[in-house]
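Right, one structure below, let's go through it.
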Amino acid sequence: MSDRVRFAPSPTGFLHVGSARTALFNWLHARSTGGTYVLRIEDTDAERNRPEMTEGLLAELEWLGLTWDEGPFYQSQQKERHREVVQDLLDKELAYLCDADNEPVKGNQIKDGLAVRFRMPQGEIIEFEDVVRGTVSFATDDLEDFVIWRSNGTPMFLLANAVDDADMGITHAIRGEDLLSGVPKVILLLNAMGAEQPTYAHLPLLVNEQRKKLSKRRDDVSIADYRERGYLPEAMVNYLALLGWGPPDDVEIRPLEEIVELFAIEDVNKAAAFFDLKKLEFVNATHLRDLEKNDFIERAKPWIEGDATPWTSENFNQDRYLKMVDLVQEKLRTLSDLPRFVDFIFLEEPVEDPDSWNKAMVKAPFASEMLDGTFKALTDCEWNTETIKEAVTEVGESLGIKLGKAQAPIRVAITGRTVGPPLFEAIALCMDRQTVLDRIARARSRL
RNA sequence: GCCCCCAUCGUCUAGCGGCCUAGGACGCCUGCCUUUCACGCAGGUAACACGGGUUCAAAUCCCGUUGGGGGUGCCA
């Protein structure tokens, strides 16, 4: 029989990077073993459960390419089944009723206003084999009776989780280590139901710089935010796969299809992993660079066409943009970097970066001579990359400075920044002479 | 407090008793290239937490210590 795994998030309204990693590892296990990947929404907490909360979750999973084979199933729809199991446990006296003060109440019938607690056996050792952690064991003496049915008539997570996994024939429970200590209770529940227990695999937690579990409150954990900040889904899953697992051939940057071939849940390691934005940026930049040009253009559209662009749609020029793509694609770390690499060709005046101005103009004693000389040289030269480069080079040489330094004031005058695309190509291909001369003159007048 | 888990460069990892004077990647530093750079290339920095065992041999096995994390809800 083939493996059945599930990703079982609670509907918190967005997809967390830690959850995404769990989803990914489940998905990888299913795909690499020919198993089935089920999506189940654990929405037993009625107060927090609103249908729109799951929409974003599903959208982000699809964006990442982690599509499911079955589901989404909603745990809340199994309520009657859950009730049946709880009642059965009451009948067998493996559970008991209790009131709001946790005082036991006589009776063996589920009743509104009363919760149901599972009776923890004494003197037992619960032991299980975790695929990533090895043998793990708990003494029931350290565990307490726990609620399986709320007084408001809804099942608790442990109960619903155990019942649903059993009913759905889940063979492998792959999830975060934060759920490890709940396992003995689930095993007790499964035993009481006479159900088989799945194989467990507890993934190492994703942590922040303080080595604490990534949290919604203090850390950037929303997959949607990363999407909006210009990260590619293939980069996200690629990076996430590297947290807690490593490719046997040391090739880290690669497509998901290859990771599927190499992945094995047994190879996942135990230690918590720091979510390193720097490395994510590197992975993203690499995937961005590897994009075929048309694909890049397609993916970049939201950053080029929306209302949020620094230029107006009338000033945008598609032909010039397409020429710029060749010059900037390899330099970007995220797609959100794109606008500021190309904005100067579409704006009336370049955006002025104060640091750049200070560095290339104020602190460079030759800045005004460079601007004057270049203005003159560009007034009547031919308009192509080589002649423009030559002109700037010559002006620089006449002042005794190399091109690297000489181009800086020109770059800042025209683009507003010291960092940007190759300057002469951008000017020759995407700007007209008058605009360039105007910008040089304007910068000169401000020195 | 109690229970559970974890421990290789700053970070992510390779290593599963000898191939390890510990490999790769990110970051950082240096140099080269050069039209800036967030591109490329070549180098460099840097780790087996500590203490006991076991063994001819330990990063790899065992025990302890220390450190870190997680869990201990009528949240999931």
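Computed from a prediction, not measured in an experiment: that's the story for all the values here. Within every chain, numbering begins at 1; the chains are lettered A, B, ... in the order of the sequence lines, protein sequences first and strands thereafter.
- Both the sub-6.0 Å distance and the 45° axial angle are satisfied by A/Lys185 relative to the ring of A/Phe146.
- Relative to the ring axis of A/Trp357, A/Arg446 places its NZ or CZ within 45° and under 6.0 Å from the centre.
- Across all strands shown, nothing is found opposite B/rC74 as a Watson-Crick or G-U wobble partner with both distances under 3.5 Å.
- Summarising the geometry of A/Phe275 relative to A/Leu214, their closest heavy-atom pair is CB-CD2, 4.0 Å, with the distance given to 0.1 Å.
- Side-chain to base pairing of A/Glu252 with B/rG24: one donor and one acceptor N or O lie within less than 3.5 Å of each other.
- Across residues 413-430 of chain A, A/Thr418, A/Val419, A/Gly420, A/Pro421, A/Pro422, A/Leu423, A/Phe424, A/Glu425 each have a non-hydrogen atom less than 4.0 Å from an atom of RNA chain B (numbered order).
- A/Lys405 comes within contact range of no nucleotide atom at all, as no heavy-atom separation falls under 4.0 Å.
- When Watson-Crick and G-U wobble pairs are counted only if both distances are under 3.5 Å, B/rU35 pairs with no nucleotide at all.
- Note on ring orientation: taking the six-membered ring where Trp is involved, the planes of A/Tyr321 and A/Phe346 are tilted (angle from 30° to 60°).
- Residue A/Phe146 is out of contact with every strand shown, counting any heavy-atom pair closer than 4.0 Å.
- Not one side-chain nitrogen or oxygen of A/Lys213 sits closer than 4.0 Å to the OP1 or OP2 atom of B/rG69.
- Comparing the C1' positions of B/rA47 and B/rC12 gives an interatomic distance of 13 Å, to the nearest angstrom.
- B/rG18 sits 11 Å from B/rA58 when the P atoms are compared, rounded to a whole Å.
- At the heavy-atom level, A/Ile410 lies nowhere under 4.0 Å from the strands shown.
- Searching all strands for a Watson-Crick or G-U wobble partner of B/rA49 with both distances below 3.5 Å returns B/rU65.
- Nearest nucleotide to the side chain of A/Leu205, out of B/rG69, B/rC12, B/rC74: B/rG69.
- Across every strand in view, B/rA22 sits unpaired, with no contact that passes the Watson-Crick or G-U test at under 3.5 angstrom.
- Nearest heavy-atom pair across A/His202 and A/Gly176 is CD2-O, 3.3 Å.
- If you take CG of A/Leu206 and C1' of B/rG68, they are 16 Å apart, rounded to a whole angstrom.
- At the heavy-atom level, A/Gly182 lies nowhere under 4.0 Å from the strands shown.
- OP1 or OP2 of B/rA14 sits under 4.0 Å from a side-chain N or O of A/Asn269.
- Between the CG atom of A/Asn161 and the P atom of B/rG71 there is a distance of 16 Å, rounded to whole Å.
- Judged purely by distance below 3.5 Å, without hydrogens or angles, the side chains of A/Asp167 and A/Gln78 never pair a donor atom with an acceptor atom.
- Summarising the base pairing, B/rC9 is matched to no nucleotide, lacking a Watson-Crick or G-U wobble pair whose two defining distances lie under 3.5 Å.
- With both ends at atom P, the span from B/rU8 to B/rU60 equals 12 Å, rounded to whole Å.
- If you check every strand for non-hydrogen atoms under 4.0 Å, A/Asp249 touches nothing.
- When all heavy atoms of A/Lys331 and A/Pro422 are compared, the pair lying nearest together is CE-CD, 3.8 Å.
- The backbone N or O of A/Leu322 sits less than 3.5 Å from a side-chain atom of A/Lys293, completing a donor-acceptor pair.
- Using the Watson-Crick or G-U wobble rule with both distances under 3.5 Å, B/rA59 pairs with nothing in any strand shown.
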Between the protein and nucleotides 4-10 of chain B, list the N/O to N/O atom pairs that are separated by less than 3.5 angstrom.
| unit_1 | atom_1 | unit_2 | atom_2 | d |
| --- | --- | --- | --- | --- |
| B/rC5 | O2' | A/Arg133 | NH1 | 2.6 |
| B/rC5 | O2' | A/Glu177 | OE2 | 3.4 |

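- A/Tyr231 has its side chain within reach of A/Glu281: a pair of non-hydrogen atoms, C-beta onward, lies under 4.5 Å apart.
- In this entry the distance linking CD of A/Glu330 with P of B/rC41 reads 11 Å, nearest Å.
- If you look at A/Tyr200 and A/Phe128, their ring centroids are closer than 6.0 Å.
- Residue A/Lys185 places no side-chain atom within donor-acceptor reach of the base of B/rU72, judged by atom type and a 3.5 Å distance cut-off alone.
- With A/Phe118 as the partner, the side chain to side chain contact (heavy atoms under 4.5 Å, CB included) test is satisfied by one option alone out of A/Val86, A/Leu94, A/Asp145: A/Leu94.
- Closest to the A/Arg211 side chain, of the nucleotides B/rC74, B/rG68, B/rG23, is B/rG68.
- Spacing between atom CD of A/Glu390 and atom P of B/rU34 amounts to 16 Å, rounded to whole angstrom units.
- Checking the phosphate oxygens (OP1, OP2) of B/rC74, no side-chain nitrogen or oxygen of A/Thr154 falls inside 4.0 Å.
- Side-chain atoms of A/Asn26 and A/Arg175 form no donor-acceptor pair, as typed in the model, at a separation below 3.5 Å.
- Looking at heavy-atom distances under 4.0 Å, A/Arg340 makes contact with a base.
- Residue A/Arg40 has no polar side-chain atom (N or O) positioned under 4.0 Å from OP1 or OP2 of B/rA76.
- The two residues A/Phe375 and A/Ile440 come nearest to each other via the heavy atoms CB-CG2, 4.0 Å.
- Aromatic ring pairs are classed by plane angle as parallel below 30°, tilted from 30° to 60° and perpendicular above 60°; the pair A/His16 and A/Phe14 is tilted.
- As the counterpart of B/rG43, B/rC29 is assigned, both hydrogen-bonding distances of the Watson-Crick or G-U wobble pattern falling under 3.5 Å.
- Comparing B/rG17 with B/rC61, their P atoms sit 8 Å apart, to the nearest whole Å.
- Here the C1' atom of nucleotide B/rU34 and the NZ atom of A/Lys402 are 9 Å apart, to the nearest Å.
- A/Ser336 and A/Thr334 are linked by a side-chain donor-acceptor pair at a separation below 3.5 angstrom, with hydrogens and angles left out of the test.
- Spacing of P atoms, B/rC39 relative to B/rG52, comes out at 47 Å, to the nearest Å.
- Taking the C1' atoms as reference points, B/rC48 lies 10 Å from B/rG15, given to the whole Å.
- Interface residues of residues 277-288 of chain A facing RNA chain B, ordered by number: A/Lys278, A/Lys279, A/Phe282; criterion, heavy-atom separation under 4.0 Å.
- Residue A/Arg150 places at least one side-chain N or O under 4.0 Å from the OP1 or OP2 atom of B/rC75.
- Nucleotides B/rG73 and B/rU13 have their P atoms positioned 31 Å apart, rounded to a whole Å.
- Between B/rC50 and B/rG43, the two P atoms lie 31 Å apart (nearest whole Å).
- Rounded to an integer number of Å, the gap from A/Asn208 CG to B/rU11 P is 13 Å.
- The CG atom of A/Leu240 sits 19 Å away from the P atom of B/rC26 (whole-angstrom rounding).
- A cation-pi arrangement is absent between A/Arg299 and A/Phe296 under the rule of less than 6.0 angstrom and at most 45 degrees off the ring axis.
- Considering only side-chain atoms of A/Phe274, the nucleotide from B/rC12, B/rA76, B/rU72 that sits closest is B/rC12.
- In this structure, A/Phe341 atom CZ and B/rA38 atom P are separated by 9 Å, rounded to whole Å.
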